[in-house]
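Sequence lines set the chain letters: A, B, ... in the order given, protein chains first and strands last, and positions in each chain run from 1. Computation of the quantities below employed the complete heavy-atom set of this structure, encompassing side-chain atoms and omitting hydrogens, waters and symmetry-equivalent molecules.
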Protein chains: 2
Amino acid sequence: MRVIDLEGLEQQLKAHSYKLTRQRRAVLRVLATTDGRLDAARICEDARAECPEIGLTTVYRTLDILADIGALRRLHLPDGCHSYAPASPGHRHHLICVGCGRAVEFEGCDLTALVDSVASKTGFEVEGHWLQLMGRCPECQSKRK
Amino acid sequence: MRVIDLEGLEQQLKAHSYKLTRQRRAVLRVLATTDGRLDAARICEDARAECPEIGLTTVYRTLDILADIGALRRLHLPDGCHSYAPASPGHRHHLICVGCGRAVEFEGCDLTALVDSVASKTGFEVEGHWLQLMGRCPECQSKRK
DNA sequence: CCCCTAATTGAACATGGTTTTCATTTAGTA
DNA sequence: TACTAAATGAAAACCATGTTCAATTAGGGG
Ligand SMILES: [Mn+2]
Ligand SMILES: [Mn+2]
Ligand SMILES: [Zn+2]
Ligand SMILES: [Zn+2]
């Protein structure tokens, strides 16, 4: 299980002058110790291990804040729902395992050629992009045989 | 306004042995004559011009079918909602105007280098990808000044 | 260390998009 | 034209997410 920098996350919250509540700590810990994508309901459920009285409302509010300050990336699932994965700073995307939901970040998407070509063909000004790779993680590959 | 091949769409439905109902015809006509993305409610509203008794339920069912047979692409908006745009056969993606919602298709995404690099770094087997460009269409660019 | 207050919280309720149910209608075939 | 499986629509259910508001609490100032 990957463990990302829990203290770093807490510092980020403080740096943006958000209070460090038990509820937020619990959510942070869940995010810091997962190696998959999680949806809000699952995060809430897991967070209750540390903070039993936390409500879904607070989970959503915390996720919003974390996405705002860039500590979290919202992933878009084919069915339209969201899940969340911790995000390193900078421009990254996620590769998601269709078997188990594990999500890993990658960087180095170079779409400039594609973007330039599309822009000149369509007259659009391209402002951003949205990219996700779907695949199968090593564990899920071996399970298959 | 772009007009895509209405008869072709009807043939596709028949080829998959779906019945050609007045409701489905109405939805097809709406899709065939739009130049933007449309959400289900809007499609229903427009379809009532030709088939006043059509219900939202049927619109959703028809959209599902069309997405299944590849005649339609489901677009995912940043807020989590869906809209739909006609899809040419083959591997394409959409470029969406964040101003007015107009959507245009493009092809020729070449992600092989990126995919190979990510696959070898992570051990994942990459099975597919999901790409959308966001930008501003020519009309919306001039409106801005 | 304790106050104070603005920030935060959670239960209940509201919302909006989508799906399910089920009795009725209809397209396409024989 | 008669038949039947497929398709339909109104209503209700569902589910993720947002809003409200009275009660609680984190954390800076005294
Ligand atoms: Mn990128
Ligand atoms: Mn592609
Ligand atoms: Zn996996
Ligand atoms: Zn536009």
Side-chain angles (χ1 to χ4, degrees), chain A residues 9-30 37-69 72-85 101, chain B residues 9-30 37-69 72-85 101:
Chain A
L9 286 173
E10 299 188 345
Q11 294 318 316
Q12 280 187 270
L13 273 186
K14 287 196 142 169
H16 289 265
S17 52
Y18 288 108
K19 292 185 178 176
L20 211 46
T21 63
R22 301 196 316 109
Q23 290 86 341
R24 287 177 180 164
R25 270 185 233 270
V27 169
L28 291 184
R29 184 183 309 269
V30 171
R37 57 162 198 231
L38 297 170
D39 61 24
R42 183 68 196 285
I43 291 171
C44 185
E45 188 181 313
D46 290 359
R48 287 208 229 252
E50 174 171 345
C51 178
E53 70 275 32
I54 192 175
L56 237 197
T57 311
T58 297
V59 171
Y60 275 111
R61 288 192 278 231
T62 304
L63 295 176
D64 276 351
I65 290 171
L66 292 173
D68 271 354
I69 67 181
L72 195 65
R73 217 176 302 280
R74 222 184 295 266
L75 306 182
H76 302 252
L77 309 184
D79 66 5
C81 291
H82 288 150
S83 60
Y84 302 84
Chain B
L9 286 173
E10 299 189 345
Q11 293 319 315
Q12 281 188 269
L13 274 187
K14 286 195 144 172
H16 289 264
S17 52
Y18 287 108
K19 293 186 179 175
L20 211 45
T21 63
R22 301 196 315 110
Q23 290 87 342
R24 287 178 178 162
R25 270 184 232 271
V27 169
L28 291 184
R29 183 184 308 269
V30 171
R37 60 160 197 231
L38 297 169
D39 61 24
R42 183 67 195 286
I43 291 171
C44 185
E45 189 180 313
D46 290 0
R48 286 209 230 251
E50 174 173 345
C51 178
E53 70 275 31
I54 192 175
L56 236 198
T57 311
T58 297
V59 171
Y60 275 111
R61 288 191 277 231
T62 304
L63 295 175
D64 276 351
I65 290 171
L66 293 172
D68 271 354
I69 68 181
L72 195 65
R73 218 176 300 282
R74 219 185 297 267
L75 306 181
H76 301 253
L77 309 183
D79 65 6
C81 291
H82 288 149
S83 60
Y84 301 84

Take the protein atom [atom1] of [X] and the nucleotide atom [atom2] of [N], then report the distance between them rounded to whole Å.
X: A/R24; N: C/dG10; atom1: CZ; atom2: C1'; result: 14 Å
X: B/L56; N: C/dT19; atom1: CG; atom2: P; result: 11 Å
X: A/L28; N: C/dT8; atom1: CG; atom2: P; result: 13 Å
X: B/L63; N: D/dA7; atom1: CG; atom2: P; result: 15 Å
X: B/I65; N: D/dT8; atom1: CD1; atom2: C1'; result: 12 Å
X: A/D64; N: C/dT8; atom1: CG; atom2: P; result: 13 Å
X: A/I54; N: C/dA11; atom1: CD1; atom2: P; result: 11 Å
X: B/I43; N: C/dT18; atom1: CD1; atom2: P; result: 10 Å

Within a strict 4.5 Å, meaning less than it, do heavy atoms of the A/Y18 and A/R24 side chains meet? yes
Considering non-hydrogen atoms only, spot the tightest contact between A/A26 and A/C51 and give its length. CB-CB, 3.8 Å
For A/V27 and A/A47 the tightest heavy-atom approach is N-CB, 4.3 Å
Would you say B/H82 places a side-chain N or O within less than 4.0 Å of OP1 or OP2 belonging to C/dT18? yes
Respond yes when some side-chain nitrogen or oxygen of B/Y60 is under 4.0 Å from OP1 or OP2 of C/dT19, and no when none is. no
Stepwise salt bridge (charged side-chain N to carboxylate O under 4.0 Å, His left out) check, A/E50 with A/R25: CA-CA 9 Å; A/E50 174 171 345; A/R25 270 185 233 270; over 6 Å; no
Nearest-nucleotide wise, let me know which of B/Y84 and A/S17 is further upstream toward the 5' end of DNA chain C. A/S17
Within this structure, what is the CZ-CZ distance for the pair A/R73 and A/R37, rounded to the nearest 0.5 Å? 16.0 Å
Going from CG on B/L63 to CZ on B/R74, what distance comes out if it is rounded to the nearest 0.5 angstrom? 8.0 Å
Nucleotides 22-27 of chain D: which of its N/O atoms have a protein N/O under 3.5 Å away?
from	atom 1	to	atom 2	distance (Å)
D/dA26	N3	A/K19	NZ	3.1
D/dG27	OP1	A/L20	N	2.7

Decide side-chain contact (heavy atoms from CB on, under 4.5 Å) for B/Q23 and B/T62; before the verdict, give the C-alpha distance in whole Å, the side-chain angles of both, and the deciding distance to 0.1 Å. CA-CA 9 Å; B/Q23 290 87 342; B/T62 304; 5.8 Å; no
Is a side-chain donor or acceptor of B/R48 paired with a backbone partner of B/I54 at a separation under 3.5 angstrom? yes
Could you walk me through whether B/D39 and B/L77 pass the side-chain contact (heavy atoms from CB on, under 4.5 Å) check? CA-CA 11 Å; B/D39 61 24; B/L77 309 183; over 6 Å; no
Once you apply a heavy-atom cut-off of 4.0 Å, does A/R61 come out as touching a base, just sugar-phosphate, or nothing? base
At what angle, to 10 degrees, do the two end axes of the helix from C/dC1-D/dG30 to C/dA30-D/dT1 meet, given five pairs define each axis? 30°
Would you indicate which nucleotide in C/dT9, D/dG9, C/dT18 comes nearest to any side-chain atom of A/T58? C/dT9
